[in-house]
Amino acid sequence: MLQTIAELFETWFCESRKQSDDFIVVLINKILVGAAALSASDIHFQPGRNGVEIRFRIDGVLHILGCVPLEHSSQIAARLKVFAGLLTYKVDVPQEGRVRSGRVEGIAQEMRISSAPTLFGERIVVRFFSPENQCQSIESLGFEEPVQQYLHEVITRRSGAVLIVGPSGSGKTTTAYALLRELAHCRETTRSIVSLEDPIEHAIDGVAQIEVSSHPDSGKTEHNEKSRTLSLDRMLQYMMRQDPEVLMVGEIRERRTAEAAFQAALTGHLLISTFHGGSAAESIGRFLELGIEPFVLRNSIAFLFCQRLLRRLCSCSKKIEQQLEIRLQGKNLRVQQYFEPCGCSECGGTGYAGRIPIAEILPIENEVIARAILERSATRIIQQLAQEQGMTSIVENVARRLETGQTSLLEAKRVLG
Ligand SMILES: [Zn+2]
């Protein structure tokens with residue numbers, strides 16, 4: 001029996017309605033437990049003219065469940081805010097708080113709940129932190145064999161910068177954490193490991209985790225004095241005095257953090273970080289724009305790769321045996337066959353189940369690439385040279401996944417734009 005997410009919601013709504021005394025309490029519980037069961041990463045409660053629209057983000061894509069009449073808006077907001085210990089009577093300021101695992105019956109994950117005042121009432125977003133047992137190892141990330149080997153090589157290094165590039169929602173943070181966990185759990189060599197995070201999602205044994213603010217000047221603001229978090233760049237400089245061997249920086253976003261990070265990598269530390277960008281080659285240009293000198297990039301970056309997450313087609317997909325010319329990121333590609341999503345009860349009618357990570361590894365230590373960086377070559381040139389040196393680009397990789405039915409054309413277009 002096919003049951004879509006909207007149909008599921010319909011059932012929850014009717015069942016809750018029957019228990020009229022605590023309608024919203026029961027409904028919210030069903031929504032939270034249902035979201036966790038469908039592995040949603042976020043739930044949105046968005047008040048609008050037609051009611052409070054409820055959406056789940058599953059595998060990076062938003063799905064609309066349905067609406068609850070607008071008259072229940074404040075009740076919904078209040079119920080959710082109570083879980084996170086937020087002030088229910090304050091409805092005109094944004095608030096944010098955490099919900100410990102086990103606080104809500106039937107939910108084992110930690111959640112973060114944030115509220116924001118909007119025209120029709122408070123918009124509430126629930127974010128599920130990934131389960132603690134997820135992505136403990138490099139293997140569990142699900143990359144292809146050569147990428148796994150590459151990541152294993154990364155953690156044997158003693159110095160240099162390891163940069164994981166990708167747009168938001170590409171899984172780069174998950175990869176960084178898996179590397180950190182492998183380093184921390186390595187029994188052969190004990191290393192001094194420090195990570196600077198915004199926020200800390202899970203405690204990792206053997207790592208000194210420090211919560212910082214990623215905003216460079218926020219150390220001075222009122223908010224931060226209250227929460228006592230230092231800005232990332234300042235904390236990074238400070239931690240250099242604490243004898244670290246491995247440093248993880250959640251994300252490099254601006255010049256000062258970039259400078260401090262590359263400095264650490266150049267002075268005998270292994271630095272792991274993520275960076276926002278469309279491709280590995282593009283990140284070089286963006287670091288140059290931030291004011292980092294080419295020779296610093298050339299000498300400090302040891303590993304540079306870019307990744308994407310594509311939704312994996314459910315086994316209910318349909319094979320189309322027909323040649324197809326496609327254009328992805330300005331490149332024309334031809335596939336011999338492709339697959340389309342269908343939908344079944346297994347995948348909640350979405351046609352997809354889980355995600356596939358895809359990586360592009362820039363051969364940063366290759367002489368040709370090194371020279372191109374020193375000459376401040378354009379992204380296009382670096383990309384072309386890297387492919388000549390044997391790099392498989394993300395687009396080529398995706399085309400192969402289309403042909404083998406791992407993902408769909410629509411999904412490839414959604415992710416690669
Ligand atoms: Zn299916």
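These numbers come from a predicted model, not from an experiment. The figures that follow rest on heavy atoms only: side chains count, while hydrogens, waters and symmetry mates do not. Nothing fancy with the numbering, it's 1 onward along the sequence. Remember, it's 1-based here, ligands and their atoms both numbered in the order they're listed.
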### Task
Go through Q149 and H152 one step at a time and tell me if the side-chain contact (heavy atoms from CB on, under 4.5 Å) criterion holds.
CA-CA 5 Å; Q149 273 176 21; H152 275 292; 5.7 Å; no

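At a threshold of 4.0 Å, the pair E259-R256 does not count as salt-bridged, since none of the basic side-chain nitrogens sits closer than that to a carboxylate oxygen. Between R127 and E96 there is no salt bridge, since no side-chain N of the basic residue sits under 4.0 Å from a carboxylate O of the acidic one.
Around the Zn ion (ligand 1), the protein N, O or S atoms found under 2.8 Å comprise C314 SG, C316 SG, C344 SG, C347 SG.
A side-chain donor-acceptor contact under 3.5 Å links Y352 and S408.
Between the side chain of K172 and the main chain of C306, no donor-acceptor pair closer than 3.5 Å is present.
Aromatic ring centres of H72 and F23: separated by under 6.0 Å.
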